[in-house]
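Note on naming: letters A, B, ... go to the chains in the order of the sequence lines (proteins, then strands), and numbering restarts at 1 for each one.
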Amino acid sequence: MPIAWATAWRTWQMTRRAYPWTYAVGTVLPAALAISLAYLGYHAIGGGTVAADFQQGSGTTAYLAYVVVGATAFQFTVRLILWSAKALITEQRQGTLGALLVAPAGRFPYLLGFTVFAVLSSLVEFLTLGLVIAALGVSVPVSSAAGALLGALALVAAVFALSVGLGGLMIAAGEAHISQNTVFIVLGLVGGFTFPRDYLPLWAQWFAELLPTTSAMDVLHGAFTGGQSLPDLLPRLGVCALLTAAYLLLGLLYLPRAEARAVERTY
Amino acid sequence: MTTSVKAAIEVRALRKEFPVRDKGIFGPRGVKRAVDGLDLDVPRGRITGLLGLNGAGKTTTIKTVATLLRPTSGRVTVDGLDTVTDARAVRRRINLIAGGERMVYTRMTGRENLWYFGQLYDVPKKELRPRIDDLLALVGLTDVADTMVERYSRGMTQRLAIARGLVNRPAYLLLDEPTLGLDAPIARDLRRVVARLAEEGTGVLLTSHYLAEVEELCGHVYVISAGRHLAAGSPAELKAATGTHRTIRLTVTTPSPATAAVATRFGADLELLPTGAELITLRHPDDMAGPLAAAIVEAGGSIGGLEIAEASLEDAILALADGSREAATV
C-alpha cells in the first residue's frame, strides 16, 4: 500500500510543520475533562458507588474504569473522524482537490493513509491522557487482552468505514462542521461509549445497533471491564465486521458521485 | 473485422448542464448549460487551442476531459477509453495544469510535493528520483527544491504545479490558463516546454486568455461560444475565415496621378498628408506589401515609409464573438 504510507508520511510532515508539539496535549484535553468530571461526580455525588442498573447494563461496578475506556475510545473516534472524514474537504479548501482527483490513485488507500496517521499520532497523544488517568489513580482491568486488541482494531475499522461516507457527504455539501458535530453528538449519545445503552429509549437502542462503532464498543467494554473472554466477544465482533463492510462498501460507491458533485459545486 | 482506436482525445456531442438555484437555497431550480453539443479532437503531437470569451465553456470542457466532471450527454474518450467508465485508465494517460488553482501542498517542499504525486501516479521508485530532479531543473526550482512551498512566490508555486503536471509523463496534457500570473520570462520558458513536449508526441489541449500565446503555440484552434462550436482551424485559417486583414501603410513622398491610379487599382485608401506626401492604406488578407511597393516604384513614386500590421488571432476571435452575438440577437 505505497499510497497509504505516502499519504500517512505526507500528513505527518504537514502536521508537524503546521502545529507545535503542545497540539498533542490539547487534542486529548476533552477526554481528560470527561474522565475528571466523571471522577468528581462518582466521588462527590455517587459516594464512590454505582446504582444497580448501571451494573446490570455495563456488567461492572468499576464506573471510572468504564468511563476511562469509553472516553478514550470516544476521543480516539473523534480524532479519527477529524482526520479521515475531513481529508477530502481539507484538500478542497487548500486548492489541491483537483490535483488529487485527476490522479489515478484510489481513494481507499488514500483515506487509509489518513487513518494510519491518525492511529499512530493518537497513540502518542494518548500517552498524555494516560498521565491524567494515572494521576487520578484509576486502574483499568483487562479480562481479555486479545479481545481488547481486536476490539480496538474493530473500532478503527468501524470509524474508518463511517468516515468514508461522511467524507463524501462533506465534500458534496461543501461543509464539515455541522456534519461532523452531528456525528459526534449522535455517537456520543447512543454509541455506548461512557454509559450503558440500557438508559436510552428503545428506539435509540435499535438505532445504535445500526452503527458499527456500537458493537466495537461492546467488545472493548466487555474485554476490559465486562469480564468477558474472547469467545464471549466473537458474536459482537462479527456484527461489527458485517456493519463495517456494509458502511465501507456504501461509502466507496458513493464517494465518486460526491467528488463529482464537489467539482460541480465550484463551477 | 478489426477496429482501430484513434490515438487522440475525442469529444463527441458533449453536453454538460449544472443545476442552479436562482434565488437562494429555497429558490426555483434551474439548469445552466455550460457545454452544448461540442465536438473536438486532440491528437498526439499537436497543441490544440480551445478559445472563447469568459463563460464559453472552456474550463468545463477541460474538466470533463480530465474526468473531474461527468458529461450530461455525449462522450469523451482518450485513446478509446471512456472518461466515465474507464476513468482510472484515462487518468494514467493525462494530467491537468490549471493556472487558477494551487494544486500543490504549501507545507511540503517542492521535492516532497513531486515525490508524493509520483506515488499517486505509481511512478516506479527507480524512475521517480531522477525524474523529480529533471522536472525541478525544467521549471527552474532546483535551488529551492527543499524549501517549503509556503515560502515560494506565486510564480514559483505555479512552476511547481507545472512540474506536478508532468510527473507522470502524460500522453495528453490539459492546460487551463497555465501562464496565469506568471512573469513574462517564465511564461516564455513554459511555452518552450509545451512546444517541446508536443514535438516529442504529447497531445496538448490549451486554453488561455493570452491569444498571442495560443497563436504562437497552437496548430489547431477550436473557438466556442456559450458552449457551442463556433469555428475551428489553424490560427491562419481562422484569421482568413473571419476576413481579418493585415494592414499595409505606405507613404509616397512624390505623389502623382500615376501612383494614385496604382493605389486605386489595389483597392487601397488614399490620404494626403500635411507634408504633401500621400498615405496609401491597404487592408488585405494576403501579403500585398511587395507587389504594392513595386507597382508604386514602377509608377515613378518614391517610398518614404512602409508599415505592415499583421492581423491577430485576437481580431479573429473578437470578430467570431461579435458574429455569434449578432446571430443570437437576430
Side-chain angles (χ1 to χ4, degrees), chain A residues 1-20 23 87-88 90-114 116-117 171-175 178 252 255-267, chain B residues 16-20 32 34 57 59-60 62-70 72 84 86-98 100-109 112-113 115-125 128 148-150 157 161 164-165 167-168 170 174 176:
Chain A
M1 282 287 192
I3 293 167
W5 284 114
T7 304
W9 179 85
R10 184 210 91 182
T11 311
W12 157 248
Q13 292 296 334
M14 290 171 67
T15 308
R16 184 175 64 85
R17 289 161 184 167
Y19 301 104
Y23 176 71
L88 288 170
T90 303
E91 299 274 4
Q92 191 175 36
R93 286 171 178 168
Q94 65 190 10
T96 48
L97 185 66
L100 176 75
L101 297 187
V102 84
R107 222 58 72 225
F108 179 81
Y110 165 82
L111 291 173
L112 196 61
F114 274 91
V116 168
F117 166 77
I171 54 163
E175 82 77 43
I178 293 174
L252 289 172
L255 211 46
R257 292 180 182 281
E259 290 170 355
R261 178 77 194 101
V263 178
E264 285 194 0
R265 207 167 32 73
T266 55
Y267 154 74
Chain B
K16 180 63 191 172
E17 293 173 347
F18 294 98
V20 289
K32 163 78 178 169
T59 298
T60 300
I62 226 163
K63 282 188 173 177
T64 308
V65 174
T67 75
L68 296 177
L69 290 170
R70 290 168 179 234
T72 304
V84 176
D86 306 309
R88 191 166 292 182
V90 168
R91 286 170 190 162
R92 292 188 187 283
R93 293 164 192 252
I94 63 165
N95 212 323
L96 169 70
I97 297 169
E101 295 175 36
R102 203 174 64 208
M103 299 192 112
V104 289
Y105 298 99
T106 53
R107 286 206 172 92
M108 291 169 78
T109 68
E112 287 169 349
N113 264 285
W115 177 84
Y116 181 63
F117 281 105
Q119 303 299 311
L120 293 184
Y121 281 92
D122 199 21
V123 178
K125 195 176 173 183
L128 185 56
M148 268 206 279
V149 173
E150 66 184 3
T157 307
R164 180 208 58 77
V167 78
N168 62 323
L174 311 171
D176 190 11

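Residues B/Tyr121 and A/Ile3 are not in side-chain contact: their nearest non-hydrogen atoms beyond the backbone lie 4.5 Å or more apart. A 4.5 Å side-chain heavy-atom check between A/Gln94 and B/Thr106 finds every atom pair outside the cut-off. Within the 4.5 Å cutoff, the side chain of A/Leu100 has no heavy atoms near those of the B/Phe117 side chain.
Of all the heavy atoms in B/Leu120 and A/Ala103, the pair that sits closest is CB-CB, 4.0 Å. Closest heavy-atom contact between A/Val102 and B/Leu96: CG2-CB, 4.2 Å.
Of all the listed residues (A/Pro256, A/Gly95, A/Pro104), the one sharing the greatest number of non-hydrogen pairs under 4.5 Å with chain B is A/Pro104. For chain A, the option among B/Leu174, B/Leu69, B/Ile94 with the highest count of heavy-atom pairs below 4.5 Å is B/Leu69. Most heavy-atom pairs under 4.5 Å with chain A: of the set B/Lys63, B/Met148, B/Glu150, this distinction falls to B/Met148. Comparing B/Gln119, B/Met108, B/Arg164 by how many heavy-atom pairs each has under 4.5 Å with chain A, the most go to B/Met108. The candidate from A/Ala260, A/Ala18, A/Ala105, A/Ala99 with the greatest count of non-hydrogen atom pairs under 4.5 Å with chain B is A/Ala99.
In terms of modelled atom types and a separation under 3.5 Å, the side chain of A/Arg17 and the main chain of B/Arg107 share a donor-acceptor contact. Of the possible polar contacts, none joining the B/Arg70 side chain to the A/Arg257 backbone as a donor-acceptor pair under 3.5 Å is found.
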* Run the numbers on B/Glu112 and A/Arg10 for side chain to side chain contact (heavy atoms under 4.5 Å, CB included), then give the verdict. => CA-CA 8 Å; B/Glu112 287 169 349; A/Arg10 184 210 91 182; over 6 Å; no

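Scored by the side chain to side chain contact (heavy atoms under 4.5 Å, CB included) test, A/Arg16 finds A/Trp12, A/Gln13 as partners (sequence neighbours excluded). Annotation: side chain to side chain donor-acceptor pair (under 3.5 Å) contacts of B/Arg93 (sequence neighbours excluded): B/Asp79.
A/Glu264 has no carboxylate O lying under 4.0 Å from a charged side-chain N of B/Lys32, or vice versa, which leaves the two without a salt bridge.
Neither the backbone nor the side chain of A/Thr15 comes within contact range of chain B; no heavy atoms are under 4.5 Å apart.
With rounding to the nearest 0.5 Å, the separation of OH in B/Tyr116 from OG1 in A/Thr11 is 6.5 Å.
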